[in-house]
Amino acid sequence: MTEFELISRYFAAQSFTRDDVRLGIGDDAALVRVAADSETAITTDVLVAGVHFFEDADPSAVGHKALAVNLSDLAAMGAEPAWFLLDLTLPEADTSWLQRFTEGLFSVARRYNVQLIGGDTARGPLSIAITAIGRVPEGKSLLRAGARPGDAVYVTGTLGDAALALADRRGERRLTAPERAALRDRLERPLPRVAEGMALRDLASSAIDVSDGLLADLGHVLAASGVGARLTLGAIPLSATYRARLSEVGWDYALAGGDDYELCFTVPPGQPAEIDALARRLDVPLTAIGEITSGRALEIYDEAGRAYQPKGQGYDHFGSASAGTSAG
Ligand code: ADP
Ligand code: MG
């Protein structure tokens, strides 16, 4: 199979068309129309086999996650995803791998109405780089730098499930089969909080997606905003599966585990009713976990009011020796 055949069979043929794409795959560059009163949000993430995903991972899960992690970054900006580019290096033209990979990739593309408009394909060690492009009304994007003392700190969904699933996969923990089934999609097929990010444009003062662990990612918000935070340990939202294991595994998967792809955001005081209404409308838990402070520290207190010291601080590709899967 030539490179051209591969592109046309697996990428061009499966892509769908948005009205704002004048020219997608097939020319020297894609052409898209941008609205005059919006800003364009652009982000990229690379996934390398053996670093971000297991070599023998289900290719459809790899395709799903490769796009999902990029859409999560757009969600954290409050942007609406529109288009993406795919740069693929493959050791060989493995048709069954490509078939499965594109199934996962395009299932996410269709779900979020984001069109593949181009890319590049080359022979090399398996790696997948995606660039996702979205738009946000001018001046409405959610930045890391907007948190102010007194703001409430919130997270979407539940934290730590992906890290717990990964620990099980690595043999560091042993989950039962039903627990494993309950958590597997949290690790392999995260669903980025795009609708949530867009809805938060007029409510949140800052936002970030939780890809490297709550403490690490909230830490970026605090550093960018020049503030601190005080969190309540017992308020961190956990899934039923995690909660049932809490006394054994502790809080650190939720605090410092990666790959959640939830949003952590701050809200100026006095808007709990708006947040509750949003949670109901989107049918997603939005949980207040603490408050922004005027210090610089990130402090966590347990139920007894004691300062809690987590073991991990999040995943860092160059700072930590342990291999992980975090792609954000
Ligand atoms: P060029 O030589 O101009 O870079 P290519 O032969 O690499 O062109 O690509 C031809 C067309 O196919 C371009 O429109 C490019 O964007 C698209 N393309 C190549 N690889 C991919 C891919 N992995 N996914 C989507 N589109 C791709
Ligand atoms: Mg090319």
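Index from 1, following the sequence. The model shown is predicted, which means the values in this text are computed figures rather than measured ones. Atoms within each ligand, like the ligands themselves, are counted from 1 in listed order.
In summary, the side chains of T131 and T44 do present a donor paired with an acceptor at a separation below 3.5 Å, with no hydrogens or angles considered. Side chains of S60 and R189: a donor on one and an acceptor on the other come within 3.5 Å.
Contact between L214 and V155 at its shortest, heavy atoms only, is CD1-CG1, 3.9 Å.
For atom 21 (C) of ligand 1, the nearest non-hydrogen atom from the set T89, D87, T121, L88 comes from T121. Counting heavy atoms only, G26 comes closest to atom 11 (C) of ligand 1 of the residues A129, G26, S8.
Applying the side chain to side chain donor-acceptor pair (under 3.5 Å) test to pairs two or more places apart or on separate chains, those with a residue in residues 297-307 are D302-R306.
Close contacts between ligand 1 and E3 involve ligand atoms 6 (O), 7 (O) [criterion: under 4.0 Å to a heavy atom]. The atoms of ligand 1 that sit less than 4.0 Å from any heavy atom of D28 are 3 (O).
The side chain to side chain contact (heavy atoms under 4.5 Å, CB included) with F265 is formed by just one residue from the set L200, V221, L203; it is L200.
Taking distance alone, with nitrogen or oxygen atoms compared against 3.5 Å, I25 stays at or beyond that limit from ligand 1. Taking only nitrogen or oxygen atoms, main chain and side chain alike, L116 does not reach within less than 3.5 Å of ligand 1.
Contacts between D27 and ligand 1, counted as non-hydrogen atom pairs separated by less than 4.0 Å, involve the backbone only. The proximity of D120 to ligand 1, defined as any non-hydrogen pair under 4.0 Å, involves the side chain as well as the backbone.
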Hey, can you pull the donor-acceptor pairs under 3.5 Å for the side chains in residues 25-42, sequence neighbours left out?
residue: R33; atom: NH1; partner: D19; partner atom: O; Å: 2.9
residue: S38; atom: OG; partner: A35; partner atom: O; Å: 3.2
residue: E39; atom: OE1; partner: G139; partner atom: N; Å: 3.4

